[in-house]
Amino acid sequence: MPTGKPLHAVVLGGGLAGMLAATVLARHADMVTIIERDRLPDGPVPRGGTPQAHHTHVLVSGGARALDELLPGTTRELLDHGAQHIGAPNRLLALVSSGWYERFEEMQFLIACSRSLLDWIVRRRVLSDPCISVRQATDAIGLLGGPKQVTGVRVRDRPTGQTSEIEADFVVDATGHGSAVIEWLTTLGVPAPAEVHIDPQVFYSTRLYQAPDAARDEFPEINIMSDPARTDYVKAGVLVPIEDGQWIVTLVGTRDHQPPTDETGFAAYARSLRHPIIADLIDTAQPLTSPRGFRIPGNRRRHFHDLPDWPGGFVVLGDAACTFNPIYGHGMAIAARGALALDAGLQRHVIDNGAHSLQRDIASEADLAWEMATRQDLRYPTTLGPRPGPVARLQQRFLDRVTSAATTRPAVAAAQLDVYTLSGPPSRLLTPRVLLGTLLGPRRRARLEPPLTADERPASSRPSS
């Protein structure tokens with residue numbers, strides 16, 4: 001451990017994962033420097049390096065609790081700024097293969113808001129720490145050191161093109177899906193890790209709406225899931241209440257069935273989903289933006305944690321290590337839980353030791369979300385990636401039966417939501433009560449219509465008096 005000088009940590013990337021890494025490192029180092037390629041905005045507006053910020057984001061309860069552990073009071077501040085607490089399943093109405101979930105009392109929850117609001121609240125809190133500073137408009141272009149130890153970073157100032165070196169006792173790469181970390185490491189003599197890419201070839205189209213006055217208080221999220229039993233391609237849609245009385249609506253499709261980015265096509269695609277409720281609802285709302293498209297990069301995992309040797313003083317966090325199909329809503333939660341794993345590991349090790357163990361701990365936080373996302377995506381023949389074997393197919397049959405039973409059985413729904421929101425381990429599905437409910441199946445046929453109250457139904461779908 002260095003002596004006689006302050007400990008300096010560097011975080012590459014000023015997005016959510018990078019900011020959370022910085023707040024962790026501030027507990028273990030004297031100075032933390034964030035290297036960020038963009039100019040960070042002063043308010044809740046998108047920055048140039050986050051094209052995905054215009055699309056739907058939710059923070060599942062397992063991630064929200066992790067965020068509050070890292071930055072106490074953050075979810076309360078988000079709610080104070082208009083973010084929505086979406087109780088599940090009482091305020092989360094989901095259509096699965098067999099029908100709609102019953103509207104049981106709250107079992108878990110999601111925090112729903114614009115990505116820009118969440119980033120701004122987190123960024124403001126993190127940067128209030130006087131030992132954390134940001135070098136903006138600066139690209140990370142390489143690592144210093146060798147295969148045994150990373151000793152700093154090489155950066156380039158974007159306006160001038162001037163390069164410089166920054167020495168550091170610990171470096172975190174949180175530069176996201178586009179990270180050049182493999183190139184940086186191979187330059188140091190570290191072998192490239194195995195990489196798994198499972199790509200459902202998914203496209204988004206998203207539009208913001210001002211909700212009708214009557215639908216601004218406690219309106220539910222509507223989630224129409226794709227059904228692999230009915231179609232061999234992904235087609236889904238979600239309507240999520242967020243701050244300022246707005247709805248964010250994202251339509252999802254695969255390469256040959258892309259959701260349109262023109263107004264007429266967007267509305268027609270919404271109406272072509274398995275149920276027309278989202279189309280009916282947006283017909284009652286005021287559009288605030290044009291539809292905006294986005295190509296989802298798919299699921300990608302770099303197995304840094306499996307390399308036999310790993311340089312000290314360096315870890316990879318967030319999307320730079322593991323990227324998920326965002327349709328399942330786990331990316332931000334894994335960033336927060338990965339930062340918690342980093343903190344726990346640094347409490348066990350001094351800051352310049354144990355990086356290999358830290359990388360394995362961070363990777364383990366992604367295991368469940370990776371399994372859920374890739375298992376579901378591989379059910380579609382259009383997905384690019386290794387096909388599941390017989391054991392995985394048997395597991396999927398069991399999970400399908402869990403989902404069917406959960407639509408009408410609260411004990412099964414509670415266990416399923418614990419796992420989905422990263423609030424409980426998969427073993428929750430194997431308790432005697434849940435197994436019995438799964439074996440017996442649903443108590444009755446699942447609803448064919450969403451369980452909306454009379455006030456929540458759009459006028460066009462209400463029964464006439």
Side-chain angles (χ1 to χ4, degrees), residues 50-58 94-99 177-178 195-209 222-240 248-283 287 289-301 319 322-331 369-389 392-393 396-397 399-400 403:
T50 57
Q52 72 276 16
H54 297 279
H55 300 273
T56 299
H57 285 77
V58 295
L95 175 61
V96 294
S97 294
S98 56
H177 182 267
E195 185 170 324
V196 179
H197 195 202
I198 296 173
D199 185 4
Q201 305 185 82
V202 164
F203 292 77
Y204 276 4
S205 185
T206 296
R207 197 175 193 191
L208 272 177
Y209 294 84
I222 311 292
N223 191 349
I224 299 176
M225 300 183 184
S226 187
D227 184 359
R230 297 169 186 252
T231 180
D232 61 358
Y233 56 89
V234 177
K235 190 172 186 179
V238 62
L239 180 153
V240 182
I248 187 167
V249 177
T250 293
L251 306 179
V252 185
T254 43
R255 180 174 298 279
D256 296 330
H257 302 85
Q258 295 182 36
T261 55
D262 64 282
E263 295 185 10
T264 301
F266 188 91
Y269 193 94
R271 193 156 294 283
S272 74
L273 298 177
R274 292 172 50 214
H275 194 283
I277 184 60
I278 290 178
D280 290 342
L281 287 166
I282 62 178
D283 279 349
T289 64
S290 298
R292 182 188 292 263
F294 185 61
R295 166 69 162 98
I296 302 303
N299 307 281
R300 186 198 64 190
R301 193 166 201 186
D319 284 353
C322 190
T323 306
F324 312 92
N325 180 348
I327 195 172
Y328 305 112
H330 287 143
W370 173 263
E371 183 68 22
M372 284 192 284
T374 57
R375 181 193 291 121
Q376 185 66 17
D377 284 349
L378 284 168
R379 303 187 73 183
Y380 297 94
T382 54
T383 297
L384 304 177
R387 310 320 297 180
R393 291 195 296 270
Q396 188 58 57
R397 289 178 62 186
L399 293 172
D400 285 345
T403 297

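Residues take their numbers from the sequence shown, with the count starting at 1. Keep in mind that this is a model prediction, so the values were computed, not measured.
Smallest separation of non-hydrogen atoms from Y209 and I282: OH-CD1, 3.5 Å. In plain terms, the two heavy atoms of S97 and R230 that are nearest each other are O-NH2, 3.4 Å. Residues T383 and R387 come closest through the heavy atom pair O-NH1, 2.8 Å. In terms of heavy atoms, D377 sits closest to Y328 at OD1-OH, 2.6 Å. In this structure, R274 and V96 approach most closely via the heavy-atom pair NH2-O, 2.7 Å.
Applying the salt bridge (Lys or Arg N to Asp or Glu O under 4.0 Å) rule to pairs touching residues 197-207 yields D199-R295, R207-E263, sequence neighbours excluded.
In this structure, CG on L384 lies 8.0 Å from CZ on R255, to the nearest 0.5 angstrom. Note that OG of S205 is 9.5 Å distant from OH of Y269, once rounded to the nearest 0.5 Å. Note: D256 CG to Q201 CD = 7.5 Å, rounded to the nearest 0.5 Å. Rounding to the nearest 0.5 Å places CG of L399 at 8.5 Å from CZ of R379. Of the inter-residue distances, the one linking N299 atom CG with C322 atom SG reads 8.0 Å to the nearest 0.5 angstrom. In this structure, CG in L378 is found 4.5 Å from CD1 in I198, a value given to the nearest 0.5 Å.
By the side chain to side chain contact (heavy atoms under 4.5 Å, CB included) test, E195 pairs with I182, R300, R302, sequence neighbours left out. Residues satisfying the side chain to side chain contact (heavy atoms under 4.5 Å, CB included) criterion with H54, sequence neighbours excluded, are P46, R292.
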*Pair R271-D280, salt bridge (Lys or Arg N to Asp or Glu O under 4.0 Å): steps then yes or no*: CA-CA 8 Å; R271 193 156 294 283; D280 290 342; 2.9 Å; yes

*Going through the distances and angles, do I224 and I278 end up as a side-chain contact (heavy atoms from CB on, under 4.5 Å)?*
CA-CA 8 Å; I224 299 176; I278 290 178; 3.9 Å; yes

_Evaluate Q376 against S226 for side-chain contact (heavy atoms from CB on, under 4.5 Å), listing each step before the verdict._
CA-CA 10 Å; Q376 185 66 17; S226 187; over 6 Å; no

*asked:* Go through it in stages, so that I can follow the logic: the residues are Y204 and V252, the test is side-chain contact (heavy atoms from CB on, under 4.5 Å), and I'd like the CA-CA distance, side-chain angles, deciding distance and then a yes or no.
replied: CA-CA 5 Å; Y204 276 4; V252 185; 3.7 Å; yes

*Under the side-chain contact (heavy atoms from CB on, under 4.5 Å) rule, what do T250 and F294 come out as? Steps first, then yes or no, please.*
CA-CA 10 Å; T250 293; F294 185 61; over 6 Å; no

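Using a distance-only test at 3.5 Å, with no hydrogens or angles considered, no donor-acceptor pair links the side chain of T382 to the main chain of Y233.
Ring-centre distance between F324 and H330: not below the 6.0 Å cut-off.
Around the CZ atom of R397, the shell of radius 6.0 Å holds no more than 12 heavy atoms that belong to other residues, nucleotides or ligands.
Exactly one residue among V238, L239, T261, L273 makes a side chain to side chain contact (heavy atoms under 4.5 Å, CB included) with L251. That residue is L273.
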